[in-house]
Amino acid sequence: MPELPEVETVRRVLEERLKGSTITAYELGRPTFYRRPPKAALAGLVGSTVEGVRRRGKYLILLLSGGKSLTLHLGMSGRVCLGGGGAHLRFRLVLGDAVVCFHDARRFGRVGCKLPRLGCEPLEPEFNGPSLFRALRARRAPIKAALMDQGIVAGLGNIYATEALFAAGLRPGRAAGSLSGADCARLAGAIKKVLSSAVALGGSTLADEAYRDPLGRAGGFQERTCVYGRTRGRCGHALKATRRPIAGRTSLYCPVCQR
DNA sequence: ATAGGCGCCTGTAAGC
DNA sequence: TGCTTACAGGCGCCTA
């Protein structure tokens, strides 16, 4: 599912391909099927030039001329494709010769939404052991739920929260506020390491093929996971699932390596 | 303010 | 073989 590394991979391709292009038309998918983007988000779209593509957490932001911008969220199954058609078309942008399609089978994605309050960008320097410790100290929720809370850290979902907790040797069910400064330093480092390695590999394309970059290329991180999607950990130990799901998600961990 | 649960969705896979 | 059911999960909203 598109998390920070997948969205960042999409961002890089879009920025490279679209920067400097002017939007000549757009098209909405079946409006009875997909909720219409807010009118204000579409106003003045045609004629605007793409000045850059940003990412904030799991949100993509097209920066447009005239101080405008257009946000995209891929949700669970959203895919951005350069050119071509395909099923489940939600939104299409035409920029001269270039065409960008947003396909969204499960309809959890968003176009033109307002950004909610988001926490730290985990790959920025302001995210570190001390800032993570401050953000978690008063929390009683399980650490994994806190990591997937976009208002605390922006961009982590089930895959990368699971992998980061393994890398830091922490169990997903542990109360967030019980982590020491040293735990937080280790965890912040693990998050940066896992995310940057996943970005370098172009994200994760799982068995369901839900994610591919805008040129149709699969990611490579799924082959490097230690825990997620495995029955036996990369460490060689049998993995366990927490007795109850955390934040509604099955949560795998290694009972030997994670304490 | 925080935490937990539900509903939204459909494609895939497992189960009978 | 063909049907039904469970599961996947990001996020907004609701309640306590």
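The analysis underlying the following values was restricted to heavy atoms, covering all of them including side chains, and did not include hydrogens, waters or symmetry mates.
Residue contacts shown for A:Thr250 are limited to sugar-phosphate atoms, with no base heavy atom under 4.0 Å away. Residue contacts for A:Arg249: at a heavy-atom cut-off of 4.0 Å it reaches a base atom on one of the strands shown. Using a 4.0 Å heavy-atom cutoff across all strands shown, A:Tyr228 reaches sugar-phosphate atoms only and no base atom. The residue A:Met76 sits close to a base: some heavy atom pair falls under 4.0 Å. Counting non-hydrogen atoms under 4.0 angstrom, A:Tyr34 reaches nothing in the nucleic acid.
The shortest distance between the side-chain N/O atoms of A:Arg140 and the OP1/OP2 oxygens of B:dT2 is not below 4.0 Å. Contact check, A:His73 against C:dG10: no side-chain N or O comes under 4.0 Å of OP1 or OP2. At the phosphate of C:dC11, OP1 or OP2 sits under 4.0 Å from a side-chain N or O atom of A:Gln150. Taking only side-chain nitrogens and oxygens, A:His88 comes nearer than 4.0 Å to OP1 or OP2 of B:dG11.
Between A:Tyr59 and A:Asn158, the residue anchored closer to the 5' end of DNA chain C is A:Asn158, taking for each the nucleotide with the nearest heavy atom. Each of A:Ala141 and A:Ala207 was assigned the nucleotide of DNA chain B with the nearest heavy atom; the assignment lying further toward the 5' end belongs to A:Ala141. Judged by closest nucleotide on DNA chain B, A:Pro245 is the one of A:Arg106 and A:Pro245 placed further toward the 5' end.
In A:Arg230, the CZ atom is crowded: over 12 heavy atoms of neighbouring residues, nucleotides or ligands sit closer than 6.0 Å.
A salt bridge does not link A:Arg224 to A:Glu163: none of the charged side-chain nitrogens sits closer than 4.0 Å to a carboxylate oxygen. Note on A:Arg12 versus A:Glu16: no salt bridge recorded, every NZ/NE/NH1/NH2 to OD/OE distance being 4.0 Å or above.
The side chain of A:Phe108 lies closest to C:dG9 when the candidates are C:dG9, B:dG4, B:dA3.
As rounded to whole Å, 12 Å separates atom C1' of B:dA1 from atom CG of A:Asp149. One atom, CE of A:Met1, and another, P of C:dC11, lie 13 Å apart when rounded to the nearest Å. Nucleotide C:dA8 holds its P atom 22 Å from the CZ atom of A:Arg107, rounded to whole Å. Across the protein-nucleic acid pair, A:Arg110 atom CZ and C:dG10 atom P stand 14 Å apart, rounded to whole Å. Atoms CZ (A:Arg139) and P (B:dA1) sit 11 Å apart, rounded to a whole Å. Put simply, CZ on A:Arg79 is 17 Å from P on B:dT10, counting in whole angstrom units. Taking atom OH of residue A:Tyr211 and atom P of nucleotide C:dG9, one finds them 18 Å apart after rounding to whole Å. Going from atom CG of A:Leu118 over to atom P of C:dG10 covers 14 Å, rounded to whole Å.
Remark: the A:Asn128 side chain and the A:Lys192 side chain contain no N/O donor-acceptor pair separated by less than 3.5 Å. In this structure, a donor-acceptor pair under 3.5 Å is present between the side chains of A:Tyr160 and A:Glu6.
For an aromatic pair to be called close, the ring centres must be under 6.0 Å apart, and A:Tyr228 with A:Phe166 fails this.
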